[in-house]
Amino acid sequence: MTAASSNAPQRAYWLKKLHEWHWISSAICLIGMLVFAFTGITLNHAGQIESKPSVQSLQQQLPESLLQELRRAQEQQKEPGEDAKALGATGGSELPASVQAWIAAQMKVSTSHRAVEWSEEEAYVPLPRPGGDAWLRVDLKDGAVEYEKTDRGWISYVNDLHKGRNTGGAWSLFIDVFAVGCLVFCITGLLILKMHSGRRPLTWPMVGLGLVLPALLALLLVH
């Protein structure tokens with residue numbers, strides 16, 4: 001009786017702290033969890049959700065001075081001692097800054113920090129994006145610039161956010177922080193269940209069901 005009484009203040013302290021961490025983490029993660037749960041459903045039924053992609057195409061003519069600069073940039077890629085500083089953030093060389101600026105001004109397309117795939121005939125810049133795709137190519141012979149963007153709709157967009165597909169470093173960092181918040185929410189919830197389980201006999205059978213049911217489905221029905 002005395003031991004139980006002496007442990008009561010410590011138990012009350014930790015229970016209060018767990019509830020505090022639990023509600024803070026749940027508040028931070030609430031909207032994200034709703035979005036990820038919704039996109040989990042849309043991903044699971046992606047084949048049943050109709051999508052009508054829209055395609056936008058643009059054409060321009062690169063000025064001769066910029067075309068010559070682009071050809072020089074292509075020649076530099078062939079040189080064995082290429083300076084590592086010329087490599088872009090994605091691991092390949094970027095378009096020259098002046099060409100990037102012209103494309104941004106004339107076509108409203110950003111190619112900053114995008115690697116170029118060089119060939120004898122063209123400079124090709126893949127521009128993958130969540131919810132669609134895009135690319136830009138410059139013909140190295142006549143300077144013709146082509147841009148095409150495919151938009152597969154907002155369902156595809158939020159699905160790609162769920163998967164972190166072509167979303168960039170900032171969104172990837174958000175997913176990591178959000179995942180940590182969900183872990184705090186789940187772990188504090190489990191510890192709160194433990195502290196209340198003495199008065200709630202169904203606690204551990206229900207937790208066990210949450211483990212056993214998906215395990216059985218995976219083992220027996222997923223091939």
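Keep in mind that this is a model prediction, so the values were computed, not measured. The residues of the chain are indexed from 1 along the displayed sequence.
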For [Y], is there any backbone N or O sitting under 3.5 Å from a side-chain donor or acceptor partner on [X]?
X: D139; Y: E122; result: no
X: S172; Y: G168; result: no
X: Q61; Y: D142; result: yes
X: R71; Y: L140; result: yes
X: W171; Y: L161; result: yes
X: R152; Y: S54; result: no
X: R137; Y: A144; result: no
X: R114; Y: L95; result: no
X: T188; Y: F185; result: yes

Which distance, rounded to the nearest 0.5 Å, do you find between the [atom1] of [X] and the [atom2] of [Y]?
X: L190; Y: S197; atom1: CG; atom2: OG; value: 9.5 Å
X: L62; Y: Q106; atom1: CG; atom2: CD; value: 10.0 Å
X: L136; Y: Q60; atom1: CG; atom2: CD; value: 10.5 Å
X: L219; Y: L216; atom1: CG; atom2: CG; value: 6.5 Å
X: T167; Y: L173; atom1: OG1; atom2: CG; value: 11.0 Å
X: T203; Y: K194; atom1: OG1; atom2: NZ; value: 11.5 Å

*Would you please test Y124 and S119 for side-chain contact (heavy atoms from CB on, under 4.5 Å) and show each step?*
CA-CA 8 Å; Y124 178 85; S119 70; over 6 Å; no
Is the shortest side-chain heavy-atom distance between [X] and [Y] below 4.5 Å?
X: K163; Y: L43; result: yes
X: H22; Y: I192; result: yes
X: L18; Y: M195; result: yes
X: I28; Y: L30; result: no
X: L183; Y: C186; result: no
X: Q100; Y: S112; result: yes
X: L15; Y: R11; result: yes

Can you hop from [X] to [Y] via hydrophobic side chains spaced under 4.5 Å?
X: I103; Y: W135; value: no
X: Y13; Y: I24; value: no
X: I31; Y: F38; value: no
X: V35; Y: F174; value: no

If you count heavy atoms of other groups shown closer than 6.0 angstrom to [atom1] of [X], is the number above 12?
X: Y157; atom1: OH; value: no
X: M33; atom1: CE; value: no
X: W23; atom1: CH2; value: no

*Check the pair L70, Q74 against side-chain contact (heavy atoms from CB on, under 4.5 Å), reporting the backbone distance first and the verdict last.*
CA-CA 6 Å; L70 197 60; Q74 180 205 32; over 6 Å; no
_Between D133 and N166, does the side-chain contact (heavy atoms from CB on, under 4.5 Å) criterion hold? Intermediate values first, please._
CA-CA 9 Å; D133 198 9; N166 301 323; 6.0 Å; no
*Stepwise, does the side-chain contact (heavy atoms from CB on, under 4.5 Å) test hold for K149 with L58?*
CA-CA 9 Å; K149 181 177 76 171; L58 298 172; over 6 Å; no
Consider only side-chain N and O atoms of [X] and [Y], and report whether a donor and an acceptor are under 3.5 Å apart.
X: S98; Y: E69; value: yes
X: T42; Y: N159; value: yes
X: Q77; Y: S93; value: yes

Quick check: closest heavy atoms across [X] and [Y], and the distance to 0.1 Å?
X: A73; Y: P96; answer: CB-CG, 3.9 Å
X: P201; Y: P205; answer: O-CD, 3.4 Å
X: S25; Y: G181; answer: CB-O, 3.7 Å
X: R129; Y: D160; answer: O-OD2, 4.2 Å

*Can you name the side-chain contact (heavy atoms from CB on, under 4.5 Å) partners of S57, sequence neighbours left out?*
V55, Q59, E148
